[in-house]
Amino acid sequence: MPRLSEVIAALENLWPAERAESWDAVGTVVGDPDQEVTRVLIAVDPVQEIVDEAVKLGADLLVTHHPLYLRGTTTVAATHFKGRVVHTLIKNDIALHVAHTNADTADPGVSDALAGALDLRVTGPLVPDAGDPEGRRGLGRVCALDHPLTVREFAARAAERLPATAQGIRVAGDPEALVRTVAVSGGSGDSLFDHVRAAGVDAFLTADLRHHPVSEARAHSPLALLDAAHWATEWPWCELAASQLDEISDRHGWDLRVHVSKTVTDPWTAHAASATSDPLGAPN
């Protein structure tokens with residue numbers, strides 16, 4: 001069985017920490033480098049529900065996309081929910097490793113997994129990494145559909161292919177407009193509108209779209225916008241990461257058992273549709 005240090009070295013080859021954004025907090029949060037690893041759980045969020053799942057599974061290593069302490073801390077006291085996560089991990093000899101923006105820009109990365117879930121053909125990064133001479137790494141992906149779909153049909157595909165959430169898929173734009181090319185970005189993407197317009201695509205699918213950026217983007221161009229739940233756009237990466245770690249395990253003869261959490265950790269739990277779709281305006 002490999003030691004944690006060996007597994008972490010392999011993960012760092014996939015998602016080098018130096019490729020994370022300067023504000024990010026990636027790498028190993030908890031864990032003894034000498035402990036043996038036999039079972040791994042991969043998830044989006046390092047929340048208590050996921051940690052409890054790792055305990056029940058008997059995992060030695062939890063790999064998550066989102067950091068536990070993005071902005072730092074002065075305490076890991078169990079009186080705080082993040083402190084309880086740390087205490088639970090240590091008490092059960094479970095290591096925690098985070099791959100966040102370094103997994104976003106990887107080749108393949110978070111947006112490749114999102115494109116794959118939507119059956120899109122990736123043609124290149126949306127925001128290329130200047131440090132990649134091959135032009136494959138970067139933030140987001142520009143993609144092509146195998147055949148044109150209306151915005152309505154593409155939204156329906158996204159709702160069917162991505163994990164179900166209370167939000168579903170929100171759409172801004174003409175539902176009957178044709179979509180041939182799409183930009184996708186797992187996670188929050190409304191800072192990328194300039195890059196999306198420059199790419200000349202018909203639609204942009206991402207998460208966490210806000211009123212003013214969307215309103216301004218729609219005023220700039222007929223670009224269709226599809227807003228999915230943040231968790232749903234990043235969960236496909238868990239399956240990609242699991243397949244990558246499985247391949248590494250087979251190559252090294254580690255016999256790791258790698259699992260993907262199916263637990264929905266999207267914070268939104270219900271959705272009530274508006275009582276009317278009257279386009280004439282808001283009620284008085």
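Remember, predicted model here, so these are calculated numbers, not experimental data. Count residues from 1 along the sequence.
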Flag side-chain contact, heavy atom, 4.5 Å: Thr165 against His271: no
Non-hydrogen side-chain atoms of Leu192 and Leu139 separated by less than 4.5 Å: yes
Thr150-Glu176 side chain donor-acceptor pair, cut-off 3.5 Å: no
Linked, directly or transitively: Ile90 and Leu96 (ILVMFWY side chains, under 4.5 Å): yes
Leu162 side chain reached by Leu118 side chain, heavy atoms, under 4.5 Å: yes
Polar side-chain atom of Ser215 near backbone of His211 as donor-acceptor pair, under 3.5 Å: no
Backbone of Asp208 reached by a side-chain donor or acceptor of Asp227 within 3.5 Å: yes
Distance-only polar pair, side chains of Thr105 and Asp129, donor-acceptor under 3.5 Å: no
Side-chain (His65) to main-chain (Cys238) donor-acceptor, under 3.5 angstrom: no
Under 3.5 Å donor-acceptor, Thr206 side chain and Asp190 backbone: no
Aromatic plane relationship, His66 with His100 - under 30° parallel, 30 to 60° tilted, over 60° perpendicular: perpendicular
Leu225 side, atom CG; Leu205 side, atom CG - distance, nearest 0.5 Å: 9.5 Å
SB check Asp146 Arg121 (cutoff 4.0 Å): no
NZ (Lys56) with more than 12 external heavy atoms under 6.0 Å: no
Met1 and Asp255: CA distance, side-chain angles, deciding distance, side chain to side chain contact (heavy atoms under 4.5 Å, CB included) verdict: CA-CA 7 Å; Met1 290 298 105; Asp255 196 28; 4.2 Å; yes
Gly186 backbone acceptor or donor facing Ser111 side chain under 3.5 Å: yes
Expected output: side-chain Ser261 to main-chain Thr263 donor-acceptor under 3.5 Å: yes
Whether Trp231 and Trp235 hold their rings parallel, tilted or perpendicular, with breakpoints at 30° and 60°: tilted
Under 3.5 Å donor-acceptor, His220 side chain and Glu216 backbone: yes
Heavy-atom closest pair, residues Ala59 and Ile94: O-CG1, 3.2 Å
Side chain to side chain, Leu240 and Pro108, heavy atoms closer than 4.5 Å: yes
Derivation of the side chain to side chain contact (heavy atoms under 4.5 Å, CB included) call for Leu41 and Val63: CA-CA 6 Å; Leu41 179 64; Val63 177; over 6 Å; no
Any donor-acceptor N/O pair, Asp132 side chain to Arg137 backbone, under 3.5 Å: yes
Nearest atoms (heavy-atom pairs only) where Val98 meets Ala25: CG1-O, 3.8 Å
Side chain to side chain contact (heavy atoms under 4.5 Å, CB included) between Arg3 and Val7, intermediate numbers included: CA-CA 7 Å; Arg3 298 192 182 279; Val7 179; over 6 Å; no
Asp202/Arg180 salt bridge by N-O under 4.0 Å criterion: no
Thr265 side chain to Glu49 side chain, donor-acceptor N/O pair below 3.5 angstrom: no
Worked verdict on Tyr69 versus Lys82 for side chain to side chain contact (heavy atoms under 4.5 Å, CB included): CA-CA 8 Å; Tyr69 288 107; Lys82 292 189 178 185; 3.5 Å; yes
same_hphob_cluster(Val29, Leu61) at 4.5 Å side-chain heavy-atom cutoff: no
Non-hydrogen atoms of Asp24 and Pro67 that approach each other most closely: OD1-CG, 3.7 Å
Check: Val86 and Leu68 side chains under 4.5 Å, non-hydrogen atoms: yes
Val142-Phe193 co-clustered via ILVMFWY side chain contacts under 4.5 Å: yes
Single-linkage hydrophobic cluster, 4.5 Å side-chain cutoff, Ile8 and Val40 together: yes
Cluster check Val171, Leu209: I/L/V/M/F/W/Y, side chain < 4.5 angstrom: no
Separation between CG of Asp52 and CG of Asn92, rounded to the nearest 0.5 Å: 9.0 Å
Ile169 to Ala155 - nearest heavy-atom pair and separation: CG1-O, 4.0 Å
Asn102 side chain to Arg19 backbone, donor-acceptor under 3.5 Å: no
Charged N-O contact under 4.0 Å between Glu247 and Arg251: yes
Distance (rounded to the nearest 0.5 Å) between Gln244 CD and Ser249 OG: 13.5 Å
Trp237 to Ile42 - nearest heavy-atom pair and separation: CZ3-CG2, 4.3 Å
Gap between atom CZ of Arg157 and atom CG of Leu149 - 0.5 Å precision: 5.0 Å
From CG (Asp119) to CZ (Arg161), nearest 0.5 Å: 5.0 Å
Side chain proximity check, Leu4 to Asp60, heavy atoms < 4.5 angstrom: no
Arg136, CZ atom: more than 12 neighbouring heavy atoms under 6.0 Å: no
Backbone of Ala43 reached by a side-chain donor or acceptor of Thr64 within 3.5 Å: no
Sub-4.5 Å side-chain heavy-atom contact between Trp254 and Thr38: no
Side chain to side chain, Val44 and Ile50, heavy atoms closer than 4.5 Å: no
Separation of Leu89 CG from Lys91 NZ (nearest 0.5 Å): 11.5 Å
Taking every non-hydrogen atom, the tightest pair across Pro2 and Leu256: CG-CD2, 3.9 Å
